[in-house]
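Notes follow once the structure below has been shown.
Just the heavy atoms: all of them, side chains too, but no hydrogens, waters or symmetry mates, feed the values below. In what follows, chains are A, B, ... by sequence order, proteins preceding strands, each numbered from 1.
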Amino acid sequence: MEIYGVSIFYLVPLLVFGPLVVWVLFKVFRIQSLFTLTDEERELRRKHRALVAIQNIESAKSARFKRPKLTPLRILGQGVLYALFIVGIGAFSNWPAYEQTAPGMGQIKLSLTLLGKRVEPCIIRTREELMKLAPNMRRAKSCPRERWPVDAVFMLDGVEVYRQTAKPAGLSSDGPSSFYETFFVGEGEHRVHLTLVDDGGQAPTKTFEQTVRLKVGQALAITMDHEGRVGVY
Amino acid sequence: MRKVLRTFFHYLEAAFDPVFEGAWNPVRQLGSLTFFQYWVVAITGIYIYIFFDTTVDGAYESVEWMTGQWYLAGLMRSLHRYASDAMVALTMLHLLREFAYGRFRGARWFAWFTGVPLIWFLFFSGVSGYWLVWDQLAQYVAIGSMEWLDWLGIFGKTIANNFLKPGAMTDRFFTLLVFIHIFVPLFLLFIMWFHVMRLKQPRINPPRGLAWGSLAALIVLSLIFPATSHDKADLSTMTPVLNFDWFFLPAYPLFDAIGPGPMWGAAIGLTLLISLAPVIPRFHRPPAALVTLDKCNGCSRCAADCPFDAVEMKPRSDGAKFDQEAVVIENRCVACGICVGACPVSTPFRQDEELVTGIDIVDPTLKMLRIQTDGAMKAAREQSRAMGENAICVAVFGCANGVGAGALKARAQERGIQAAIAEISMPCTGMLPPSFIDYALSRGEMDGVMVTGCGENACFYRFGQFWMEDRINQQRDPHLRKRVRRERLALVWAAPTEVNKTADAMEQFVERLGALEKEKEGA
C-alpha cells in the first residue's frame, strides 16, 4: 500500500516511535513546564534553589566530607587492594588467550551477493498505455520488481558442506540475494565446487569449480568480482 | 538469588570498611567511579586522537608509534584501554549491587531503565575502539561484528564483504569507524546524564582520594604492563589464537559457538530481562506522601531534602499568607518519609489528638510513629522496673534496611545486655524528626536514644543517614535542640549483616549511660 508513492511501511517507525518520543518528552522530561512557567513560579523556583543551597552549605560542614584518617596500616591496606584491582584489570584485559580454531587450520569464506532473475519479464508498453499514465511516469519499458530467490550448493572435496536458499533483499524482493559462510579447513589442496540457481528452476544457472591450495593461517574468499564472475581471492 | 548477592555485597563492603572508611569505600562508589573512568577514557582518547592516523594503511603504524613512546603516548594508550576495562567491570558491579539491594523498582525504575542502553553503548564504544587499532584482533572483531549485523538482513548487501579480501577496506569506511568511535561515547555520556537526572545531587564524582587512588593504580598498571597490539591486520590471513580482552569481547567467542541468530536472541532476551526487572514480578508501590495544606507553611525543607526530587514548590493554592506550598510528584515518591523528618511541623510534643504534619507518608504516619514510640517506651519502662532499679532504658529508632531495632533487641538479650530496649521502626531513619529524640529523653524518660540505619554511606534512600547526622549536629534544618545531651545519643550505621557491630555499640552505649546515671546520682 502506498501514499503519494511512498510505501506505508516507511511510516511505521514514525507511527510507533513518534508517540513514544512525545510521551517521553511530556511525561519524563515534562517539557510543558518550560512553556507554562509564570514569573511568580520562576521567582518561587529561584527562592527554592536559594534555600536548598543554604541547606547544603550547612550540610557541607558535615564530618562525612572530611578526608578519612590515613594511618600507615590503612595506606598499606589500600595499596594491597589497589594492587588486586590492577591485577584483575590487567589479567582479564589480555588473558586467557582465545583460540578461534585448532592449530594448523586455514579458512575458506564463501561470500556471494547476486541478483536473481526477474519473476516476470519486462514488458514494452503500447502508446495507448503510455498516454494513460502521468507525463513523468511514461516509460516505454516496464519491469516488475520481484526477483527469484537464489539457491546455492557448495561442495568441499566432494562433500556437500553448504546448501542455502537466499531470498532477495528489500520490501519488494527486488534486491540481491546474499550468501556468507566461513569454513575452517586443514592446510593443503582442496577441491571447491559451487552451484547456483537464480531463475526459480531446478537446473544450475551458474557453476564454479577449482582446486585451491590453502596454507596454515591463510584466509581465502570465494566471491564475485564486479562483473559477476565467481573466483577465489 | 538477590538475597545471596545482597549478603555478598554487605560482606564485601564490610571487608573494605577498615581500609577505606566511610565515603572512600569503593564498593559504595561504583557509579561515581564509573563516571570518573569515563573522564579518564575521554581525556586520554582526545590525546591519542591527535596522533592517530585515520587511514587504513596508517592507523596501525600510528598506534605502534604511540605504543613505542611508553612514557607519554604509550601511557595514554594503555590508560585509555585499562580505564575502559575498569569502566566495564565497575558498571557490571554497580548493576549487580543495585539489583541486589532492590534499587531498581518503584520510582527508581527510571535510573535502572536508562542504565540498560548505557551497557549497549559502553560495549559498542569499546568494540569500535578495538577496530581502530587495525591489528589481527581488530580484524577478528570487525568481521565478527559485521557478520553479527548481517544476520539482520537490513543492509541489502553483506557488509562483512568490506573485510573479505586485501584492499577491500577503504579509507572512507575506516573514517566512518573513527566517527563511530567518537560519536558513540558522546552519546554514552548523554545517556549517563539521563541515567542520573531524576536523582537529587547524584554522586557523579568519587571522593578525591579514591579518584586519585584508582587513577594512580591504572597508571602503574599501564607502566608495568603496557597495552600492545597484535600483528597488523591482513585480510588474506586469520589468527587462530588471540590475546583477548574479556571485559569487552566475551560475546565474540559465544558468537562463534552459537551463531548469529541465537546470539541476537540471547542479547535481546537479556536486554529485555534486565529492562523489565522493575515490573516483573509486579511491584506494589507504597502510597506517595501527602501534603496537608493547613499545616504546610511552604518552608520547602521537604523539597530540599527529598532524595528523588519528588516534592516541588508551587504557588499557594489555598489563599493562605504563605508564598508557596509543597506538591508531591507521586510517581517519583518512594515513601521513605525523609520529607516527614524535614518538616518543622513534625513534632511529637504537640498535644493534638490527630498529630497532623505538613507532609506525611501513609505507612507509618507521624501519628502512628508517635503511638509506636509511646507504646515501646512504656513497655521498656515496665521491663526496666522488672529488671531492677539500675536497669537502663534505651529507645532504638531503626530503619527497615539496616540491622533493625527488633534484631538489635534480640541480640542484646542474647548477650545479656542489662537494658530495657524500646524498639521503634520506620522505613528510613531520615524520617525521624529530631524532636522525637528530645521527646524520648524528656517525656519518655529514656536514659538514652540510639538511632540505627543502613551501612555507613549506603543509605537505601540515599540521604537518610546524612540528613539525620546533620540535623543532630545542627547543620541542617530542623535541628536537634541544644538542650538534648548528646552523650545520651548514639548513631550506629550498620548493614543487616552487622548485628554484632550494632550490639557492641549498644553494649558500650549502655555502659556509658550507666556511668552517666552514677554521675547523676553522685551529684
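Of the two parts of B:Arg198, only the side chain, counted from C-beta on, holds a non-hydrogen atom closer than 4.5 Å to a non-hydrogen atom of chain A. Neither the backbone nor the side chain of B:Glu456 comes within contact range of chain A; no heavy atoms are under 4.5 Å apart. When heavy atoms are compared at a cutoff of 4.5 Å, B:Asp305 approaches chain A solely by way of its side chain, counted from C-beta outward. In this structure, chain B has heavy atoms under 4.5 Å from both the backbone and the side chain of A:Tyr98. Of the atoms belonging to A:Thr113, it is side-chain heavy atoms, and not backbone ones, that fall under 4.5 Å from chain B. With a 4.5 angstrom heavy-atom cutoff, B:Ile219 does not touch chain A via any of its atoms. In this structure, the portion of B:Tyr140 lying under 4.5 Å from any heavy atom of chain A is its side chain and not its backbone. Residue A:Pro103: no heavy atom, backbone or side chain, is found under 4.5 Å from chain B. Both the backbone and the side chain of A:Phe92 have a heavy atom closer than 4.5 Å to some heavy atom of chain B. Heavy atoms closer than 4.5 Å to chain B are found nowhere in A:Lys167, neither backbone nor side chain. Neither the backbone nor the side chain of B:Arg471 comes within contact range of chain A; no heavy atoms are under 4.5 Å apart. With a 4.5 Å cut-off on non-hydrogen atoms, B:Ile224 does not touch chain A at all. Residue A:Ser177 does not touch chain B at all, counting heavy-atom pairs closer than 4.5 Å. The parts of A:Ile89 that come within reach of chain B are both its backbone and its side chain, each placing non-hydrogen atoms under 4.5 angstrom from that chain.
Of the N and O atoms on the side chains of B:Asp17 and B:Asn25, at least one donor lies less than 3.5 Å from an acceptor on the other residue.
Taking chain A as the reference chain and counting heavy-atom pairs below 4.5 Å, the highest number among B:Arg208, B:Met313, B:Gln201 is found for B:Gln201. Taking A:Val216, A:Leu81, A:Thr101 one by one and counting their heavy-atom pairs under 4.5 Å with chain B, the maximum is reached by A:Leu81. Of the listed residues (A:Ser93, A:Pro176, A:Gly77), the greatest number of heavy-atom pairs within a distance under 4.5 Å of chain B belongs to A:Ser93. Ranked by heavy-atom pairs under 4.5 Å with chain A, the list B:Pro166, B:Ala303, B:Pro207, B:Ser236 is led by B:Ser236. Note: A:Ala219 leads A:Gly175, A:Gly106, A:Ala219, A:Ala169 in heavy-atom pairs under 4.5 Å with chain B.
Classification of A:Arg147 and A:Asp174 as a salt-bridged pair fails, no side-chain N sitting under 4.0 Å from a carboxylate O.
Separation of the A:Phe183 and A:Phe154 ring centroids falls under the 6.0 Å cut-off.
Closest heavy-atom contact between B:Ser222 and B:Tyr82: OG-CD1, 3.7 Å.
At most 12 heavy atoms of other shown residues, nucleotides or ligands fall within 6.0 angstrom of atom CD in B:Glu330.
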Evaluation steps, side-chain hydrogen bond (donor to acceptor under 3.5 Å, both in side chains), between B:Glu325 and B:Ser317
CA-CA 8 Å; B:Glu325 66 186 40; B:Ser317 64; 2.9 Å; yes
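Residues passing the ring-ring contact (aromatic ring centres under 6.0 Å, His included) test with B:Trp246 are B:Phe244, sequence neighbours excluded.
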